[in-house]
There are 2 protein chains.
Amino acid sequence: MKIGELAKQSGLTPHTIRYYERIGLLPRAARDHARQRDYDATILSWIEFLGRLKATGMPIRDMLRYAELRARGVATEPKRRRLLERHREAVRAHVTALQDCLLVLDGKIAGYAGSSERTNDDDAISARPIHDDERHAIRRQPRSGSPGARPARAR
Amino acid sequence: MKIGELAKQSGLTPHTIRYYERIGLLPRAARDHARQRDYDATILSWIEFLGRLKATGMPIRDMLRYAELRARGVATEPKRRRLLERHREAVRAHVTALQDCLLVLDGKIAGYAGSSERTNDDDAISARPIHDDERHAIRRQPRSGSPGARPARAR
DNA sequence: GCTTGACTTAGAGCGCGCTCGAACCCGTAG
DNA sequence: CTACGGGTTCGAGCGCGCTCTAAGTCAAGC
């Protein structure tokens, strides 16, 4: 299967597929006689799984960690498992947060009752204060690891 | 209340608050004698509501539409309501998608059973094919208006 | 032989949502 | 008077995840 075909089947664009390969999310593809990528259909299930991770908000750098563990073979399974378990917890928390927001949304919509009635509304209708992790959509970190690893802002 | 205090109370940074004002998400703040922003506590409920919209994945441009309607007064309530209803549906769909992904995740984790057992796994464990809107996290559009949708691959 | 179209690479550019720097202004405490 | 800890504006920069361009290669069909 060539890249165009894989693109169709996976829903990604060829550009994105090459990009994923470049950064290591996809293994380096085998090449045919003309040095064009030649894919085995099994790659599709990996791409689909990546899609799940992405759909659940996992950042690429974490998918990369997973992909690297996977490439290192079965010995890394416990690590992979823990990684997924941690991610699952994050997703569950996210779902809970969304459901909470839905209640707020419901309340707000109810406030705009019928087609008119309450003229007062102007916001508020809290369900529960928003915890920081929720306000910022999906797990957001202070932008750089604290001990060491600073971008070092040249200037 | 000055901007620093509002920042503490709202969880945003002063930078972000000014940014939101600049783009129109927050109304232009009243100023004190020294031309410094002086906030009324009621702004907090608006900020919190914005936080909910953001937490549920609404892009800033849509919050902006809502904010503009709100600024135009009660006459826009039906529109605001419809906007929120549409958003609510999107969020519900997103929650459903996440729950579906959680099932996949559960399956995958179960595949890494006990501490070893199955050596075969290598992905797949599908619950249901991923619809495009889900794969791309939260409602993603073709980046620039074109009736035909599809990225359009110019060349 | 020429055209077409899908492929190749390296690298630049983009949309989003902030985040920060620079240079300056104020009011209060010491 | 001076220092300092806020505040102000404007505009540049950043991290993310793609997305696209340019220039070239190759194979098949007319």
Side-chain angles (χ1 to χ4, degrees), chain A residues 1-8 10-26 28-39 47 50-51 53-55 57-64 132 135-145 149-155, chain B residues 1-8 10-26 28-39 47 50-51 53-55 57-64 132 135-146 150-155:
Chain A
M1 193 181 358
K2 288 200 282 182
I3 199 170
E5 182 58 23
L6 179 62
K8 257 165 222 153
S10 66
L12 303 177
T13 70
H15 278 312
T16 303
I17 293 171
R18 289 191 206 98
Y19 165 69
Y20 280 0
E21 180 177 321
R22 230 186 306 164
I23 66 174
L25 263 194
L26 297 179
R28 172 148 178 89
R31 304 308 178 105
D32 67 9
H33 60 100
R35 299 216 312 277
Q36 298 192 350
R37 289 172 181 80
D38 191 5
Y39 292 97
I47 291 179
L50 287 177
L53 295 181
K54 174 174 152 190
M58 182 183 283
I60 282 187
R61 89 185 77 88
D62 292 359
M63 296 189 218
L64 220 39
D132 211 56
R135 171 152 31 232
H136 300 299
I138 258 188
R139 293 168 310 144
R140 220 168 172 350
Q141 296 150 260
R143 177 131 292 175
S144 68
R150 309 227 82 228
R153 209 46 142 292
R155 233 205 158 236
Chain B
M1 194 179 1
K2 288 201 282 181
I3 200 171
E5 182 57 24
L6 179 61
K8 258 164 223 154
S10 67
L12 302 177
T13 70
H15 278 311
T16 303
I17 293 171
R18 288 191 206 100
Y19 166 69
Y20 279 1
E21 181 177 323
R22 230 188 303 164
I23 65 174
L25 263 194
L26 297 180
R28 172 148 178 89
R31 304 308 178 105
D32 67 10
H33 60 100
R35 298 218 311 276
Q36 297 192 350
R37 288 172 181 81
D38 190 6
Y39 292 98
I47 291 179
L50 287 178
L53 295 182
K54 176 175 150 190
M58 182 184 282
I60 280 187
R61 89 186 76 88
D62 292 359
M63 296 189 217
L64 220 40
D132 212 56
R135 172 153 31 233
H136 300 299
I138 259 187
R139 293 168 311 142
R140 219 171 175 348
Q141 293 152 259
R143 173 134 296 174
S144 71
S146 139
R150 284 268 91 202
R153 243 64 143 291
R155 223 149 203 250

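Residue numbering restarts at 1 for every chain, and letters A, B, ... go by the order of the sequence lines.
Counting only heavy atoms from C-beta on, B:Ile3 has its side chain closest to D:dG7 among D:dC18, D:dC26, D:dG7. Across D:dT8, C:dT9, D:dG17, the shortest atom-to-atom separation from the side chain of A:Arg18 is found for C:dT9. Of the candidate nucleotides C:dT9, D:dC18, C:dG27, C:dG27 has the atom nearest to the side chain of B:Ala34. Taking every side-chain heavy atom of A:His15 into account, D:dC20 is the closest of D:dC20, D:dC18, C:dT8. Distances were taken from every side-chain heavy atom of B:Pro59 (C-beta onward) to each of C:dG17, C:dC18, D:dC18; the shortest belongs to C:dG17. Of the candidate nucleotides C:dC7, C:dG27, D:dT8, C:dC7 has the atom nearest to the side chain of A:Gln36. In the set D:dG17, C:dT9, D:dG7, D:dG7 carries the atom at the smallest distance from any side-chain atom of B:Lys2.
Proximity of B:Tyr20 to the phosphate of C:dC18: a side-chain N or O atom is located under 4.0 Å from OP1 or OP2. OP1 or OP2 of C:dC25 has not a single side-chain nitrogen or oxygen of B:Arg35 nearer than 4.0 Å.
A:Leu64 has its CG atom 13 Å from the C1' atom of D:dG17, to the nearest Å. Atom pair A:Ile17:CD1 and C:dC7:C1' shows a separation of 12 Å (rounding to whole Å applied). Here the P atom of nucleotide C:dT8 and the CD atom of A:Glu21 are 9 Å apart, to the nearest Å. For the pair B:Asp38 CG and C:dC26 P, the computed distance is 17 Å after rounding to whole Å. The distance between atom NE2 of A:His33 and atom P of C:dC7, rounded to the nearest whole Å, is 13 Å. Distance B:Arg61 CZ to C:dC18 P: 13 Å, rounded to the nearest Å. Atom CD in A:Glu5 sits roughly 12 Å away from atom P in C:dA6 (whole-Å rounding). Atom P of nucleotide D:dG5 and atom NZ of B:Lys8 are separated by 13 Å, given to the nearest angstrom.
Taken from CG in A:Asp62 to CG in A:Leu53, the straight-line distance is 9.5 Å, to the nearest 0.5 Å. Summarising the geometry, atom CE belonging to B:Met63 is positioned 7.0 Å from atom NZ belonging to B:Lys54; distances are rounded to the nearest 0.5 Å.
Counting non-hydrogen atoms under 4.0 angstrom, A:Arg37 reaches the backbone sugars and phosphates but no base. If you check every strand for non-hydrogen atoms under 4.0 Å, B:Arg22 touches a base.
The shortest non-hydrogen separation linking B:Arg31 to B:Arg35 is NH1-O, 2.9 Å.
In this structure B:Ile23 satisfies the side chain to side chain contact (heavy atoms under 4.5 Å, CB included) test together with B:Tyr19, B:Tyr20, B:Leu25, B:Ile60, sequence neighbours excluded.
Each of A:Tyr19 and B:Arg31 has a nearest nucleotide on DNA chain D; the 5'-most of these lies closest to B:Arg31.
Checked by atom type and distance alone, the side chain of A:Asp38 pairs as donor or acceptor with a backbone atom of A:Met1 at under 3.5 Å.
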